[in-house]
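Note sheet for the following structure.
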Number of protein chains: 2
Amino acid sequence: MGSEARTNQDEPDFAELLRGAKLRVTASRLGVLRSLARLSHADAETIASEVTSQLGSVSTQTVYSVLAAFVEAGIVRRIEPAGHPALHELRVGDNHHHIVCRTCGTTTDVDCVVGKRPCLTPSETHGYLLDEAEVTFWGICPGCQERGGTLQSRALLQGA
Amino acid sequence: MGSEARTNQDEPDFAELLRGAKLRVTASRLGVLRSLARLSHADAETIASEVTSQLGSVSTQTVYSVLAAFVEAGIVRRIEPAGHPALHELRVGDNHHHIVCRTCGTTTDVDCVVGKRPCLTPSETHGYLLDEAEVTFWGICPGCQERGGTLQSRALLQGA
DNA sequence: CAGTATTTTAGACTTGTTCCAATCTTGGAG
DNA sequence: CTCCAAGATTGGAACAAGTCTAAAATACTG
């Protein structure tokens with residue numbers, strides 16, 4: 001079965017994506033993109049081991065610099081939930097938000113709240129030149145709820 | 001001059017605040033509260049040096065544990081803007097948000113967006129048990145705008 | 001195919017934070 | 001007012017995430 005014709009399946013997207021962003025096409029970068037496509041919300045270390053299992057090896061530092069390049073180029077979005085390592089996602093451009101689990105850190109996308117985006121305009125900018133509004137919802141994910149949510153969530157939930 | 005009658009000026013508030021939260025009243029804790037009242041958004045190290053200048057000395061670890069106790073007791077709110085050390089503020093209970101400067105990290109309060117709080121209800125919770133919605137606005141503060149905003153803000157602003 | 005700019009790499013290093021066990025202090029009982 | 005136990009503070013080591021450097025490897029251009 002044309003195992004070589006299959007090359008046109010998803011990698012070309014990525015190579016072109018890179019070229020379009022004026023970034024060189026390298027194995028590591030394609031690997032990182034492929035991992036991001038699979039993992040949807042991944043931290044550097046997870047990506048590193050994913051790419052390693054694809055390509056044989058990549059250094060953590062390479063992953064960091066590749067991700068930094070992607071973020072700078074605008075093809076990857078980085079989110080940094082308090083208390084968890086930074087996560088990266090391929091989806092950019094649309095203004096969506098995230099739900100993060102207090103317990104395990106699992107992160108899920110949510111589309112913007114009321115359809116429009118009320119959160120992009122604070123009542124007063126206090127003179128700041130705004131460029132982004134970031135909305136993070138905190139809670140307990142279904143999985144952690146089942147496994148007994150009363151572990152360390154008491155204090156956190158009291159303010160609800 | 002009644003240098004001792006002055007004790008009733010602001011510390012009693014704090015002592016009572018502590019008692020009310022079932023926390024022991026100690027010099028370090030009062031010092032941290034006083035610093036927070038002054039600094040409004042402060043990281044652990046800044047608080048440590050503030051308290052030190054008030055009391056002569058406090059260890060960084062004490063500040064960390066005091067802050068942790070306060071956060072757990074619900075009298076202090078901790079915010080952790082990506083790329084900056086965690087900040088702490090005395091104001092709790094009302095659901096207000098923050099504007100953070102990309103360049104210098106200065107943080108300012110903003111009242112909730114449209115008056116109500118549209119951000120507390122995402123379109124879909126994906127099964128999560130939500131307890132908080134956190135909104136962070138990113139931009140360049142007035143001060144950094146003056147000092148030439150084109151320093152490292154280019155890449156960051158491109159997505160505007 | 002060669003030259004050059006860009007990537008990758010390893011390893012040391014920083015920064016913010018937490019853990020630990022020993023010591024000191026607070027608030028309540030007598 | 002003194003004593004005690006629970007709780008608070010301390011220093012030191014440890015930690016994880018991420019950044020910096022300079023050298024070796026690789027991709028794109030002509």
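None of these values were measured; they are calculated from a predicted model. Residue numbering restarts at 1 for every chain, and letters A, B, ... go by the order of the sequence lines.
- With hydrogens and angles ignored, a donor-acceptor pair under 3.5 angstrom links the side chain of B/Q61 to the base of D/dG12.
- A residue-by-residue look at B/T60 and A/K22 shows that A/K22 has its nearest nucleotide of DNA chain C further toward the 5' end.
- Taking only side-chain nitrogens and oxygens, B/Y64 comes nearer than 4.0 Å to OP1 or OP2 of C/dT17.
- In terms of phosphate contacts, B/R19 brings a side-chain nitrogen or oxygen within less than 4.0 Å of OP1 or OP2 of C/dG27.
- Spacing between atom CZ of A/R24 and atom P of C/dT4 amounts to 13 Å, rounded to whole angstrom units.
- Judged by closest nucleotide on DNA chain C, A/V63 is the one of B/L23 and A/V63 placed further toward the 5' end.
- Taking each heavy atom of B/G105 and B/V100 in turn, the nearest pair found is O-CG1, 3.9 Å.
- Among the heavy atoms of the strands lying under 4.0 Å from A/T62 is at least one base atom, whether or not backbone atoms are also near.
- In this structure, CD1 of B/I47 is placed 10 Å from P of C/dT17, rounded to the nearest angstrom.
- Separating the NE2 atom of A/H84 from the P atom of D/dG18 is a distance of 12 Å, rounded to the nearest angstrom.
- In this structure, B/D43 places its CG atom 13 Å from P of C/dT15, rounding to the nearest Å.
- Counting to the nearest Å, the C1' atom of C/dT17 and the NE2 atom of B/H88 are 10 Å from each other.
- Computed from coordinates, the A/E72 CD to D/dT19 C1' distance equals 15 Å when rounded to whole Å.
- The nearest heavy atom of DNA chain D to A/E80 and to B/R29 marks one nucleotide each, and the one closer to the 5' end goes with B/R29.
- The main-chain N or O of A/R24 is found under 3.5 Å from a side-chain atom of A/R29 such that the two form a donor-acceptor pair.
- A donor-acceptor contact closer than 3.5 angstrom is absent between the side chains of A/H97 and A/D109.
- Looking at heavy-atom distances under 4.0 Å, A/T26 makes contact with sugar-phosphate atoms alone, never a base.
- Each of D/dA6, C/dT9, C/dT17 was ranked by its minimum atom distance to the side chain of B/A44; first place goes to C/dT17.
- Contact annotation: side chain of B/E45 to base of C/dG16, donor-acceptor pair absent below 3.5 Å.
- Taking CZ of B/F137 as the reference point, atom SG of B/C101 lies at 15.5 Å (rounded to 0.5 Å).
- Residue B/S28 places at least one side-chain N or O under 4.0 Å from the OP1 or OP2 atom of D/dT9.
- Within the 4.0 angstrom heavy-atom criterion, only backbone atoms of the sugar-phosphate kind lie near B/A86; the bases stay farther away.
- One can place CG of B/L87 at 17 Å from P of C/dT15, the figure rounded to the nearest angstrom.
- Checking side-chain atoms of A/Q145 against main-chain N and O of B/G127 turns up a donor-acceptor pair under 3.5 Å.
- For the pair A/L55 CG and C/dT9 C1', the computed distance is 15 Å after rounding to whole Å.
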